[in-house]
Amino acid sequence: MEYTGPERRDFTRLDYKIPLAYKVCREDTINKLLQGYTADISQSGLLCNIKDRVNKDDILWLSFDRSTLNIFEELERRSLIYQNGIIAKVVRIEPRSDDTFNVGVQFITREEKNLTNIYPRFHFVEKGLEGRR
């Protein structure tokens, strides 16, 4: 069923289908580089399609080509960038019939990085990626 009410998003979403690499910021998964692709993007988040199960509120490190859209100038000013990846929180998960998941993520802003519910999971990003410096 398609939603026909007023638009609730703060930012317009743009179709943006490109490969995506990501890591789930948990101790047991931070060293695994996983693959998927983006479906659409806005200044506040993106929708991606991935094969691996994640949980709502998981923190992800996302790496994808950000050079082609001018939307990324504002995104890079606001968002928490670490090791050339964007840090985001899972806000929605929709299983698909092909055994993959559409996952909506919200980019974590620089101001949010020190919130107590984000920092312990973000610590795993720092721990797992420090060897790539």
Side-chain angles (χ1 to χ4, degrees):
M1 183 171 180
E2 188 172 323
Y3 179 74
T4 58
E7 177 62 50
R8 296 181 299 188
R9 293 184 177 121
D10 291 333
F11 300 101
T12 303
R13 290 203 171 259
L14 303 171
D15 286 341
Y16 193 64
K17 294 179 181 13
I18 59 166
L20 166 78
Y22 68 98
K23 292 187 176 196
V24 181
C25 301
R26 292 191 304 248
E27 192 167 17
D28 60 330
T29 57
I30 191 60
N31 291 318
K32 297 177 186 173
L33 186 61
L34 305 168
Q35 303 293 318
Y37 66 89
T38 64
D40 65 40
I41 192 162
S42 77
Q43 287 182 356
S44 63
L46 64 80
L47 179 67
C48 58
N49 180 259
I50 60 176
K51 293 179 184 174
D52 301 276
R53 182 178 294 277
V54 294
N55 300 312
K56 189 170 182 198
D57 294 327
D58 274 351
I59 302 298
L60 305 180
W61 173 87
L62 307 167
S63 178
F64 54 93
D65 180 17
R66 300 187 307 271
S67 63
T68 57
L69 292 178
N70 60 7
I71 188 176
F72 293 118
E73 289 179 26
E74 179 63 22
L75 176 64
E76 300 222 2
R77 273 196 295 274
R78 295 181 66 240
S79 298
L80 183 57
I81 308 292
Y82 186 80
Q83 295 290 312
N84 203 30
I86 296 177
I87 307 302
K89 180 172 76 168
V90 175
V91 294
R92 183 178 54 146
I93 305 158
E94 296 174 357
R96 293 174 31 135
S97 61
D98 63 357
D99 293 329
T100 65
F101 302 90
N102 280 340
V103 175
V105 299
Q106 180 178 0
F107 299 132
I108 295 174
T109 65
R110 294 171 192 265
E111 294 78 30
E112 292 173 308
K113 116 175 166 177
N114 292 322
L115 293 177
T116 55
N117 66 336
I118 292 174
Y119 179 77
R121 288 173 284 168
F122 179 68
H123 167 75
F124 291 119
V125 171
E126 293 173 342
K127 180 179 171 186
L129 295 177
E130 62 190 19
R132 294 182 52 192
R133 291 183 188 184

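Note: hydrogens, waters and symmetry copies are ignored here, and every other heavy atom, side chains too, is used. Treat the numbers as computed from the prediction; the structure is a model and nothing was measured.
Under the 30°/60° scheme for interplanar angles, the aromatic rings of Phe64 and Phe107 are found to lie parallel.
The shortest side-chain heavy-atom distance between Thr29 and Lys23 does not fall under the 4.5 Å cut-off. Side-chain contact between Thr100 and Ile50 is absent, with no heavy-atom pair separated by less than 4.5 Å. Proximity of Val91 to Val105: side-chain heavy atoms (C-beta onward) are nowhere separated by under 4.5 Å. When side chains are defined from C-beta on, Asn102 counts as touching Leu47, because their heavy atoms get closer than 4.5 Å. The side-chain heavy atoms of Lys51 and Asp99, taken from C-beta on, include no pair separated by under 4.5 Å.
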Could you give me the CA-CA distance, side-chain angles and deciding distance for Val24 and Leu60, then say whether side chain to side chain contact (heavy atoms under 4.5 Å, CB included) is met?
CA-CA 5 Å; Val24 181; Leu60 305 180; 3.7 Å; yes

Walk me through it: do Ile87 and Ile59 pass the test side chain to side chain contact (heavy atoms under 4.5 Å, CB included)?
CA-CA 7 Å; Ile87 307 302; Ile59 302 298; 3.5 Å; yes

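In this structure, Ile93 CD1 and Asp57 CG are separated by 9.0 Å, a value rounded to the nearest 0.5 Å. Put simply, CG on Leu34 and CG on Asp52 are 4.5 Å apart, with the number rounded to the nearest 0.5 Å. Taking SG of Cys48 as the reference point, atom OH of Tyr37 lies at 9.5 Å (rounded to 0.5 Å). Annotation: the span from Tyr82 atom OH to Leu62 atom CG amounts to 15.0 Å, rounded to 0.5 Å. Rounded to the nearest 0.5 angstrom, Thr38 OG1 and Asp15 CG are separated by 9.5 Å. Note that CG of Asn49 is 10.0 Å distant from CG of Leu20, once rounded to the nearest 0.5 Å.
Not a single donor-acceptor pair under 3.5 Å links the side chain of Ser63 to the backbone N or O of Gly85.
For the residue pair Arg78 and Gln43, the shortest heavy atom distance occurs at NH1-O, 3.5 Å. Pairing each heavy atom of Ala39 with each of Lys17, the nearest pair is O-NZ, 3.5 Å.
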